[in-house]
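Here is the structure we will look at.
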Amino acid sequence: MKIKRIRGVNDILPGDIEKWQWVEQTAHRTFARYGFSEIRTPIFESTRLFARGIGEATDIVEKEMYTFQDKSGDSVTLRPEGTASVVRSFIENKMYGPGQLSKLYYIGPMFRYERPQAGRFRQFYQIGVEAMGSGQPALDAEAIAMLMEFYRELGLTGLTLQLNTLGSANSRARYREILKEAIREHLPDLCENCKARYERNPLRVLDCKVETCGEIAAHLPAIRDNLDEEDRDHFQQVQDYLKSVGQDFMINDRLVRGLDYYCRTTFEVTAEGLGAQNAVCGGGRYDGLVEEFEGPATPCFGFAMGMERLISVLPQDKTQALEPRPDAFLVLLGEDAGRAGFGLAEQMRRAGLSVSRDFEGGSMKSQMRKANKSNCRYAVIAGEDEIKSGKFQLKNMETSEQGLHTKEALIETIIGGKPV
RNA sequence: GUGGGCGUAGCUCAGCUGGUAGAGCACUGGAUUGUGGCUCCAGUGGUCGCGGGUUCAAAUCCCGUCGCUCACCCCA
């Protein structure tokens, strides 16, 4: 039986990997401009970290975690998301302190046991950002602005930024009770899913896609009518900051994030052409999470984006330019040329050129075909005559012009882009 | 966990109500003794996912199984 890859995981192959590298490099460059540093945490942690951080009653913790016992009997879990690990590391490494701000980001694989579908995998990659140590609305706005700048660098279009606020932890809890109270009389009319949501996460009823639930939800008390003065002010300032830098957005007061730790600002970025899973980024504020893990009260803002989804909406004109292109392809005819070609290739590479060749010693025609397929700018042709004279044919693959050059001269010609 | 669709050449797929497998692309060679892309010609390549059943005969019909895929749930 042939061994195949595990369901829901993917190989990233040449042809695609260039896009991944470009996205990662763009993230490094862009985030650095905003003062963020990369952090790398382990890919697995104590199961308790995720159970407490994400919320015991969430789908992720209840049924989607890759959890197993290691040889000592400890329960460990492959990380299903990044925030809990960063918070753990933040506390463990005492990155906090009066007036201190930690601006961190991570890039790496996450694991959730779900049924795969378009844009959803069991091992998937996230780029996540966590800004820890300030409760100011400018922080929310700056992080979102950075995200949108990142998308601009990637040339993405057709994105929608949706904002909402859940209020502080206190108002969120209070609203939850008000909402449950209001839902109670409609309970028999709700869909089966929503009946279950009623106890576990009543806010989710608000964004149910079932039509009858939607109608009921439209008449339920809205979050925005149950905010504190400070919540309202915070949300308004986030909006004002975004507007001040020309960032468009829409308010979606049904936008409810599933993870327990969110409060105040939440947001999501959706893209066109992704299928049912159309969110490329989600995040928000999590002011209570550090305390939850017995760290000092530290207001934070963060978000995560799925790289697979991001890469599948990259514009074609940008990704085309990423295809690797050798400067030269060596066409070597005969054993003497084969031997000489090895040294020539090395000499050219040490001069900074990217050089390919064929190793199978096929006919000129077949080697030229391979040269053409490699998309090289020049072909260097070496047969008996060239080895004897020490001068090689240099052929420009676009114009088909060619001329005779010594090793040094052909390297210079290629580097300088001079006519052959 | 639930539901729909699909598994035929390396890739994308065709194969009508059962008669024993095909196209395009790719690959190799030739037309062009040492010069690619375009064109033309020829060739290599398949236990039709796997197992069982019906039948004189199964890629085709039936059952099972595995896999892929899309959607629900949920999320990035």
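So you know, we letter chains A, B, ... as the sequences are listed, proteins then strands, and number each from 1. Atoms considered below: every heavy atom in the structure, side chains included; atoms not considered: hydrogens, waters and symmetry mates. Everything numeric in this text was worked out from a predicted model, so none of it was measured.
No contact: A/Gln367 has no heavy atom under 4.0 Å from any strand. Backbone-only engagement by A/Lys373 is indicated by non-hydrogen atom pairs under 4.0 Å involving sugar-phosphate atoms exclusively. Within 4.0 Å (heavy atoms only), A/Phe121 reaches at least one base atom of the nucleic acid. Counting any heavy atom pair closer than 4.0 Å across all strands shown, A/Gly128 reaches no nucleic acid atom. Residue-level contact check: A/Ala304 touches the backbone only, with heavy atoms under 4.0 Å from sugar-phosphate atoms and none from bases. At the heavy-atom level, A/Arg369 lies under 4.0 Å from the strands shown only through sugar-phosphate atoms. If you check every strand for non-hydrogen atoms under 4.0 Å, A/Glu384 touches a base.
With B/A76, B/G29, B/C72 as the candidates, the nucleotide lying closest to the side chain of A/Ser363 is B/G29. The nucleotide whose nearest atom lies closest to any side-chain atom of A/Ala276 is, among B/A71, B/A76, B/C74, B/A71. When distances run from any side-chain atom of A/Ile381 to the nucleotides B/C73, B/G34, B/U2, the shortest one goes to B/G34.
Distances shown here put every side-chain N or O of A/Arg115 at or beyond 4.0 Å from the OP1 or OP2 atom of B/A71.
Only the P atoms considered, B/G24 is 27 Å distant from B/U33, to the nearest whole Å. Distance check on atom P: B/C62 versus B/U55 gives 16 Å, rounded to whole Å. As rounded to the nearest Å, B/A9 and B/G22 have P atoms that lie 14 Å from one another. For B/C70 and B/C61, the C1' atoms lie 27 Å apart once the distance is rounded to whole Å. Between B/A14 and B/U60, the two C1' atoms lie 13 Å apart (nearest whole Å). As rounded to the nearest Å, B/U17 and B/U54 have P atoms that lie 23 Å from one another. B/C56 and B/A23 have their P atoms separated by 33 Å, with the value rounded to a whole Å. Distance noted for atom C1' between B/C50 and B/G67: 10 Å (whole Å).
Between the side chain of A/Lys365 and the base of B/U35, no donor-acceptor pair of N or O atoms lies under 3.5 Å. Residue A/Arg5 places no side-chain atom within donor-acceptor reach of the base of B/G67, judged by atom type and a 3.5 Å distance cut-off alone. No donor-acceptor contact under 3.5 Å links the side chain of A/Ser366 to the base of B/G29. Contact annotation: side chain of A/Gln117 to base of B/C73, donor-acceptor pair present below 3.5 Å. One can find a donor-acceptor pair under 3.5 Å joining the base of B/G34 and the side-chain atoms of A/Glu386. Between the side chain of A/Arg120 and the base of B/C74, a donor-acceptor pair under 3.5 Å is found.
Sequence order on RNA chain B of the closest nucleotides to A/Gln126 and A/Gly8 puts A/Gly8 first from the 5' end. Comparing A/Met368 and A/Asn10 against RNA chain B, the residue whose closest nucleotide sits nearer the 5' end is A/Met368.
The cationic group of A/Lys180 lies under 6.0 Å from the six-membered ring centre of A/Tyr198 and within 45° of the ring axis, placing it in a cation-pi geometry. For the pair A/Arg122 and A/Tyr113, the cation-pi test (distance below 6.0 Å, angle within 45°) is passed. By the 6.0 Å and 45° rule, A/Arg357 stacks over the aromatic ring of A/Phe359.
With both pairing distances under 3.5 Å, B/G64 is matched to B/C50 as a Watson-Crick or G-U wobble pair. Pairing for B/A9 is absent, judged as Watson-Crick or G-U wobble with the two contacts each under 3.5 Å. Here B/A71 sits opposite B/U2 as a Watson-Crick or G-U wobble pair (both hydrogen-bonding atom distances under 3.5 Å). When both pairing distances are held under 3.5 Å, B/U20 makes no Watson-Crick or G-U pair with any nucleotide shown. The base-pairing partner of B/G45, taking Watson-Crick or G-U wobble contacts with both distances under 3.5 Å, does not exist among the strands shown. Checking B/U39 for Watson-Crick or G-U wobble geometry (two distances, each under 3.5 Å) identifies B/A31 as its partner.
Taking atom CZ on A/Arg325 and atom C1' on B/G37, their separation rounds to 13 Å, with Å as the unit. Taking atom CE of A/Met397 as the reference point, atom P of B/G37 lies 9 Å away to the nearest angstrom. Rounded to whole angstrom, the span from the CZ atom of A/Arg197 across to the C1' atom of B/C74 amounts to 9 Å. Straight-line distance from the CG atom of A/Asn278 to the C1' atom of B/C70: 15 Å, rounded to whole Å. Taking atom CZ on A/Arg122 and atom C1' on B/C68, their separation rounds to 13 Å, with Å as the unit. The separation between A/Arg7 atom CZ and B/G67 atom P is 7 Å, rounded to whole Å. Atoms CD (A/Glu114) and C1' (B/G1) sit 12 Å apart, rounded to a whole Å. With rounding to whole Å, A/Glu268 atom CD is found 8 Å from B/A76 atom P.
Applying ring pair (Phe, Tyr, Trp, His ring centres under 6.0 Å) to A/Tyr261 and the options A/Tyr286, A/Phe293, A/Phe50 leaves one that passes, A/Tyr286. Under the salt bridge (charged side-chain N to carboxylate O under 4.0 Å, His left out) rule, A/Lys103 has a single partner from A/Glu38, A/Glu142, A/Glu130, which is A/Glu142.
A ring-centre distance under 6.0 Å is not found for A/Tyr105 and A/Phe36.
A/Phe267 and A/Phe301 have parallel rings, their planes meeting at less than 30° on a 0 to 90° scale where 60° marks the start of perpendicular. Relative orientation of the A/Trp20 and A/Tyr125 rings is perpendicular, given thresholds of 30° and 60° on the angle between their planes.
The number of heavy-atom neighbours closer than 6.0 Å to CD of A/Gln136, taken from other residues, nucleotides and ligands shown, is 12 or below.
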